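Basis for what follows: all heavy atoms, side chains included, without hydrogens, waters or symmetry-related copies. Small disclaimer: the values here were computed from a predicted structure and weren't measured. Convention: sequence-line order gives letters A, B, ...; per-chain numbering from 1.
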Amino acid sequence: MTNLDCGISKSDSRNLVRTEPGRWTVVSSIRNQATLVYDATLGTNIKSRIERLERNPARAAGLKLARQRLGRSLQAADEHKQHSLAALRLQAGLSQEKLAELMDMQQPNIARLERSPGNLHASTVMKLAKALGVDPMLILQITATVESETRHVK
Amino acid sequence: MTSLFVSPDADDELEALAATEVQTVALIDALLESVADNPAILEVLNRPHNHFEYVPSFEIKKFSELQQRGKNVFIIKIWDEEGKLLPYRCLYAHDPQRDRYHVLMIAHRDFDYDNTHPDFIELVRRYDELGLRNFKI
């Protein structure tokens, strides 16, 4: 198993550590988090598999289309048929990693934004809207809905 | 932190399927990627009869026969853009102690969850090989 086989990017491969036979781990520079990317028994982390597929233009195009379809489905499956940041991102055909790259942020920040998008800074709203190709008002509408639901639960 | 692994055998099965059904595999990959990002989407897709409301559609079900044996295995059924049920099932396990999802097998629906079918026996072997614990019934 080479780095490329298990879907590790060039930047990640600098931090790739063989923790034990058959087990490869990326130690991220962000908060020194370790992510297990390949284990001979467990298999491949889905993120690494996606990275591997994204290197094939035809598979990358297929993934983009599939994300767009999934995004529409998630929105329709929502009890209130409401938009969510995750559904908007998927409808734009983007992974969290790609959106992070477009916004000059780190992927864990995108994951956090999608889980709890309330109270965003204006510059983040503008950057999100631009990256997703949507009206900033839609981002504000989502954050306001989430904040209102959170207050309701409290 | 949630993580999702595709077992080596399931990875091979996905790639074999991609030779003829590349868009089906892309849909499975996009779903798995999203589950790893936020497992809460499984709750949305798990709502009973919710899958009639949208396409492409997904249904998540417990694998009863294996759950009764203490093995935490679930089934994903997928309907395509035309609303047609795809003849493949994505079978995965959840390890709650480590919050890890494991894609164990991509099986043809012909196996019909029959506990004497070779795919069923292979699925149990893969579950046990990962060292996943059996919960007490």
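No part of A:Ile110 comes within reach of chain B, as not one of its non-hydrogen atoms sits under 4.5 angstrom from that chain. No part of A:Arg112 comes within reach of chain B, as not one of its non-hydrogen atoms sits under 4.5 angstrom from that chain. If you measure heavy-atom distances from A:Leu63 to chain B, the contacts under 4.5 Å come from both the backbone and the side chain.
A salt bridge is defined here as a Lys NZ or Arg NE, NH1 or NH2 lying under 4.0 Å from an Asp or Glu carboxylate O, and B:Glu33 with A:Arg49 fails to meet this definition. The pair B:Asp11-A:Arg52 counts as a salt bridge, with a side-chain nitrogen and a carboxylate oxygen less than 4.0 angstrom apart. Electrostatic pairing of A:Arg67 and B:Asp29 does not count as a salt bridge here, judged by no charged N lying under 4.0 Å from a carboxylate O.
If you tally non-hydrogen atom pairs under 4.5 Å between each of B:Arg100, B:Glu81, B:Arg126, B:His102 and chain A, the highest count goes to B:Glu81. Of the residues considered (A:Glu114, A:Arg72, A:Arg69, A:Arg59), A:Arg69 shows the highest number of contacts with chain B, using heavy-atom pairs under 4.5 Å. Ranked by heavy-atom pairs shorter than 4.5 Å toward chain A, the options B:Leu27, B:Asp9, B:Leu4 are led by B:Leu4. Among B:Pro56, B:Ser57, B:Ala36, the residue making the largest number of heavy-atom pairs under 4.5 Å with chain A is B:Pro56.
Here CG of A:Leu74 is found 6.5 Å from OG of B:Ser34. Values are rounded to the nearest 0.5 Å. Here B:Leu32 contributes atom CG and A:Leu70 contributes atom CG; the two are 10.0 Å apart, rounded to the nearest 0.5 Å. The line from OG of A:Ser48 to CZ of B:Phe5 is 8.0 Å long, rounded to the nearest 0.5 Å. In this structure, A:Leu85 CG and B:Asn38 CG are separated by 11.5 Å, a value rounded to the nearest 0.5 Å.
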Handout entry: Steps toward side chain to side chain contact (heavy atoms under 4.5 Å, CB included) verdict (A:Lys47, B:Asp37)
Key = CA-CA 9 Å; A:Lys47 297 287 185 178; B:Asp37 288 339; 2.3 Å; yes
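In this structure, B:Lys77 places its NZ atom where more than 12 heavy-atom neighbours from other residues, nucleotides or ligands lie under 6.0 Å away. Remark: A:Asp135 CG is packed, more than 12 non-hydrogen atoms of other residues, nucleotides or ligands lying under 6.0 Å away. Within a 6.0 Å radius of NZ in A:Lys64, no more than 12 heavy atoms belonging to other residues, nucleotides or ligands are found.
One hydrophobic cluster, built from ILVMFWY side chains closer than 4.5 Å, cannot hold both B:Tyr88 and B:Trp79; they sit in different ones.
Partners of B:Glu129 according to the salt bridge (charged side-chain N to carboxylate O under 4.0 Å, His left out) rule, which considers only residues two or more places apart in sequence or in another chain, are B:Arg125. By the ring pair (Phe, Tyr, Trp, His ring centres under 6.0 Å) test, B:Tyr101 pairs with B:Tyr92, B:His94, sequence neighbours left out.
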Side-chain donor-acceptor contacts of residues 16-25 of chain B below 3.5 Å, not counting sequence neighbours, with atom names and distances?
residue	atom	partner	partner atom	Å
B:Thr20	OG1	B:Leu17	O	3.3
B:Glu21	OE1	B:Thr24	OG1	3.3
B:Gln23	NE2	A:Gly62	O	2.9

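Side-chain contact between B:Ser7 and A:Leu42 is absent, with no heavy atoms from C-beta onward closer than 4.5 Å.
Minimum interatomic distance between A:Thr41 and B:Leu130 (heavy atoms only, all atoms of both residues): O-CD2, 3.5 Å.
Heavy-atom proximity under 4.5 angstrom to chain A picks out nothing from residues 104-112 of chain B.
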